[in-house]
Amino acid sequence: MRILVVGTGAREHALVRALSLDPAVTELHAAPGNPGIGRLATLHAVDQLDGAQVAALATRLGADLVVVGPEAPLVAGVADAVRAAGVPVFGPSGEAARLEGSKAFAKDVMAAAGVPTAEPRLVTRPDEVEAALDAFGAPYVVKEDGLAAGKGVVVTDDRDDAVAHALACLGKEGGAVVVEEYLDGPEVSLFVLSDGTDVVPLVPAQDFKRAGDGDTGPNTGGMGAYSPLPWAPAGLVDEVVETVARPTVAEMARRGTPFAGVLYCGLALTSKGVRVVEFNARFGDPETQVVLARLATPLAGVLLAAATGRLGELAPLEWRDEAAVTVVVASEGYPGSVRSGDAITGVEAAEALPGVHVLHAGTALHQDPGGDDDDATEGAHLVSAGGRVLSVVGVGSDLAAARAAAYGGVGRIALAGSHHRGDIALAASQGS
Ligand code: AMP
Ligand code: GLY
């Protein structure tokens, strides 16, 4: 099978890595990819937001499957363009990706499908902000109604901050905000594959969204993740499939915009039961890094089945009886404005540790004819080129072992000014 993966992050590197381990995969391509992906796949300098370019590349390569990783190309209709060119594609249409692209749309679908979520209020005028906040009280939850890479959400006890964020969002072109009820309780990410009709859940993972240890600091795209969740209630996956995923997929089909791809269910396990915090229309980053590290079934056939309406024919997925932890190494300043171009060393040393692999996100190769250290590739050096730089994955017999592996790997990597959380999977590994 020839496969083209669209995207540039550690999530796409995890997808490409899993596909590279599948004997059915004969050729791997990525557009545009990153230096880590480039070790496993042929890279193509294509604008990932340009459906015509991606479709033309897929046709030229004779791709049997295109996998679209990030939300922006999906919302821009890249999957539609590829599908229209007659190439199977894993990823929803632009219409269906609105489940992620618009918080207001997602709330509308959830209401129609009877899916439990935080009660929302859509605000489009500045003079409505304070009344909406006061309707729920503190802690205040204010969400920008558009794609914001996990950074458009403010959860705060400070009413002035909540008002300021809402007004800033409303100040943007066509700006709207959703103010909603605060959900207490731990968060779980569950990815559910869908071919538009059938659904197949993966295993749950937990993401660490805040920048600092102890869930302090600003929201980020995600600073680490682990799976399995020893503390999660038995039956959680079945409950989410029946009360969240199936009704949502059925409602999307009823609307004539079937959802095929992966429905990322961001959940809060509240004192009143499971509630949807958010939907995304793609795999989560960094949760994918740990979920795929545990998947024993070869990935290509699974994604192809979802892309071609044949999930119902798929044998049950098999999972390794191992735990996985990933720790994100981020540039100085992330999630604010970041420093780029600093040398990264120690990736190979980290991967020499048992159970450790390193996935690239914001990295680039800097040509340096004089260099000959471990991480040089054909006279080029690895440098930082973005906020989240690397995702270091550790796999072990339990969470403590997986954690030790991941942090052992992080300890061997050097990047000036970088930061990472020290408490990924800590509480779960201690049984709390
Ligand atoms: P979102 O972009 O909707 O996923 O929100 C980002 C993060 O903000 C979530 O992962 C939660 O940690 C937090 N969050 C969002 N909505 C709520 C809510 N209603 N109650 C509590 N926390 C929330
Ligand atoms: N890990 C959060 C996300 O992918 O949105």
Side-chain angles (χ1 to χ4, degrees), residues 7 9-12 14-15 69-72 74-75 97 99-107 110 116-121 132-133 135-157 162 165 169 177-191 202 204-212 214-227 261-272 274-292 326-328 330 335 359 361 387-388 391 421 424:
R11 162 186 51 212
E12 287 74 31
L15 287 162
E71 60 273 26
L74 291 168
V75 171
L99 271 184
E100 168 161 9
S102 166
K103 304 239 183 237
F105 175 77
K107 289 289 186 186
M110 283 189 261
T117 186
E119 189 196 328
R121 275 208 189 186
L133 291 172
F136 297 114
Y140 305 100
V141 181
V142 181
K143 302 185 171 189
E144 185 173 351
D145 182 36
L147 285 185
K151 298 175 207 157
V153 177
V154 163
V155 180
T156 178
D157 283 322
H165 182 61
C169 296
V177 290
V178 172
V179 174
E180 68 180 33
E181 174 195 6
Y182 176 77
L183 299 174
D184 62 341
E187 287 186 42
V188 172
S189 302
L190 182 69
F191 305 149
L202 304 187
Q206 190 173 47
D207 178 21
F208 290 70
K209 288 223 166 71
R210 300 278 185 156
D215 293 332
T216 54
N219 263 324
T220 70
M223 294 298 289
Y226 67 93
S227 177
V262 54
L263 180 65
Y264 167 141
C265 304
L267 309 157
L269 310 192
T270 75
S271 46
K272 295 186 217 150
V274 175
R275 297 282 184 278
V276 174
V277 176
E278 62 167 339
F279 280 141
N280 293 314
R282 40 128 188 124
F283 284 111
D285 186 346
E287 298 97 312
T288 300
Q289 287 87 304
V290 290
V291 170
L292 293 184
T326 191
V327 179
V328 170
L359 301 169
R388 293 190 290 177
S391 208
R421 280 185 63 161
I424 306 300

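Numbers for residues simply follow the sequence, beginning at 1. Only this structure's heavy atoms are used, side chains among them; waters, hydrogens and symmetry mates stay out. Just follow the structure's listing: the first ligand is 1, and inside any ligand the first atom is 1.
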For Glu180, take its heavy atoms, then give the atoms of ligand 1 lying under 4.0 Å from any of them.
-> 16 (N), 17 (C), 18 (C), 19 (N)
Between Asp145 and Ser102, do the side chains contain an N or O donor and an N or O acceptor separated by less than 3.5 Å?
-> yes
Taking only heavy atoms of Lys143, which atoms of ligand 1 are found under 4.0 Å from at least one of them?
-> 3 (O), 15 (C), 16 (N)
Enter the distance from Leu183:CG to Glu119:CD here, rounded to the nearest 0.5 Å.
-> 11.0 Å
Identity of the nearest option to atom 22 (N) of ligand 1, non-hydrogen atoms only, from Val155, Val179, Thr270, Val142 = Val155
Tell me which one of Glu278, Glu119, Glu187 gets a heavy atom nearest to atom 11 (C) of ligand 1.
-> Glu187
For Gly221, is at least one N or O under 3.5 Å away from an N or O on ligand 2?
-> yes
Side-chain ion pair, Asp215 and Arg421, N-O less than 4.0 Å = yes
Can you tell me if Gly284 has a non-hydrogen atom under 4.0 Å from ligand 2?
-> yes
Decide whether Thr117 and Lys107 meet the rule of one side-chain donor and one side-chain acceptor closer than 3.5 Å.
-> yes
Can a donor-acceptor pair be found between the side chains of Glu287 and Tyr264 at a distance below 3.5 Å?
-> yes
How about Pro335 and Asn219: do any of their side-chain heavy atoms sit closer than 4.5 Å?
-> no
If you count the atoms of ligand 1 from 1 in the order shown, which ones are under 4.0 Å from a heavy atom of Lys103?
-> 1 (P), 2 (O), 3 (O)
Atoms in ligand 2 with a heavy atom of Tyr264 nearer than 4.0 Å = 1 (N), 2 (C), 3 (C), 4 (O), 5 (O)
Would you check the N or O atoms of Glu287, main chain and side chain alike, for any that come under 3.5 Å of an N or O of ligand 2?
-> yes
Check if Arg275 has a non-hydrogen atom at a distance under 4.0 Å from any atom of ligand 1.
-> no
Ligand 2 atoms nearer than 4.0 angstrom to some heavy atom of Pro286 are 1 (N)
One finds that the ligand 2 atoms under 4.0 Å from a non-hydrogen atom of Arg282 are 3 (C), 4 (O), 5 (O)
Numbered atoms and elements of ligand 2 in range of Asn280, under 4.0 angstrom, heavy atoms = 5 (O)
Presence of salt bridge, Arg282 and Glu12, under 4.0 angstrom = no
Kindly assign one of parallel, tilted or perpendicular to the pair Phe283 and Phe191, based on the angle between their ring planes and the thresholds 30° and 60°.
-> perpendicular
Taking side chain as C-beta onward, heavy atoms only, is Leu190 less than 4.5 Å from Leu202?
-> no
Identify, by atom number and element, the atoms of ligand 1 in contact range of Tyr182, meaning under 4.0 Å from any of its heavy atoms.
-> 20 (N), 21 (C)
Which part of Asn219 is near ligand 1, with near meaning a heavy atom under 4.0 Å away: side chain, backbone, both or neither?
-> side chain
With the side chain counted from C-beta on, respond yes when Leu267 and Val277 share a heavy-atom pair under 4.5 Å apart, and no when they do not.
-> no
Is the shortest N/O to N/O distance between Lys209 and ligand 2 below 3.5 Å?
-> no
Got an N/O contact under 3.5 Å between Val141 and ligand 1?
-> no
May I ask you to test the Pro218-Arg210 pair for a side-chain heavy-atom distance under 4.5 Å?
-> no
